[in-house]
Amino acid sequence: RVGTGSSGTEAALGGNYGGWGIIFGSFPKKGQAQTAIRQARQSLRGVLTAGKPVIIARNWEGARRYNALIVGLSQKQAGKACKHLWNIGAYCLALNPKILNNPAAAWR
């Protein structure tokens with residue numbers, strides 16, 4: 001199921017996301033993932049202008065989880081964005097294309 005919203009697109013697990021991605025966390029509610037993306041984008045104003053917000057839903061240990069990401073970045077953009085977020089005390093993990101697009105990756 002794919003749906004669009006101002007804070008992100010819910011995407012299928014096996015998606016092919018071009019470039020690098022950054023993940024902001026995994027949440028029990030889709031609204032929490034949307035909020036995480038919105039807050040990250042606000043914190044990254046002036047630092048990151050590229051990328052597409054994506055929410056990837058998956059079942060993990062019997063519970064539905066929603067991963068909040070921005071995808072379609074260069075390695076430099078992903079690194080710069082995460083470094084900025086770490087400096088302000090926010091969680092961020094940069095994912096290279098191989099890991100980002102691996103449906104069996106641990107972050108999923």
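Not measured: the values here are computed from a predicted model.
The two atoms that bring Ala68 and Ala33 nearest to each other are CB-O, 3.6 Å, heavy atoms only. The two residues Ile22 and Cys82 have their closest heavy-atom pair at CG2-SG, 3.5 Å. The two residues Gly72 and Gln77 have their closest heavy-atom pair at O-OE1, 4.5 Å. When all heavy atoms of Arg41 and Pro53 are compared, the closest pair comes out as NH1-CG, 3.2 Å. Looking at every heavy atom in both residues, Tyr66 comes nearest to Lys29 through CD1-C, 3.6 Å.
In this structure, the separation between NZ on Lys83 and CG on Asn87 is 6.5 Å, given to the nearest 0.5 Å. With values rounded to the nearest 0.5 angstrom, Ile55 atom CD1 is found 9.5 Å from Asn67 atom CG. For the atom pair CG (Leu95) and CG (Asn101), the distance works out to 9.5 Å, reported to the nearest 0.5 Å. Expressed to the nearest 0.5 Å, how far CD of Gln32 lies from CZ of Phe24 amounts to 16.0 Å. If you take CD1 on Ile56 and CG on Leu100, they are separated by 6.5 Å, rounding to the nearest 0.5 Å. For the atom pair NZ (Lys30) and CZ (Arg64), the distance works out to 9.5 Å, reported to the nearest 0.5 Å.
In this structure, Pro97 and Trp20 have side chains that are in contact, with non-hydrogen atoms separated by less than 4.5 Å.
Note on Val54: it clusters hydrophobically with Tyr91, by side-chain heavy-atom contacts below 4.5 Å among ILVMFWY residues. Connection of Val47 to Ile37 is established within a shared hydrophobic cluster, with ILVMFWY side chains joined at heavy-atom distances below 4.5 Å, either directly or through further cluster members. Under the 4.5 Å side-chain heavy-atom criterion for Ile, Leu, Val, Met, Phe, Trp and Tyr, Leu93 and Tyr17 are members of the same hydrophobic cluster.
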Item to complete: Report the C-alpha separation of Cys92 and Ile23 in whole Å, then their side-chain angles, then the decisive distance to 0.1 Å, and conclude whether the side-chain contact (heavy atoms from CB on, under 4.5 Å) test is met.
Response: CA-CA 6 Å; Cys92 180; Ile23 185 169; over 6 Å; no
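Here the side chain of His84 pairs no donor or acceptor atom with the backbone of Leu48 at under 3.5 angstrom. Between the side chain of Arg65 and the backbone N or O of Ser26, at least one donor-acceptor pair lies under 3.5 Å. Between the side chain of Asn96 and the backbone N or O of Ile99 there is at least one donor-acceptor pair closer than 3.5 Å.
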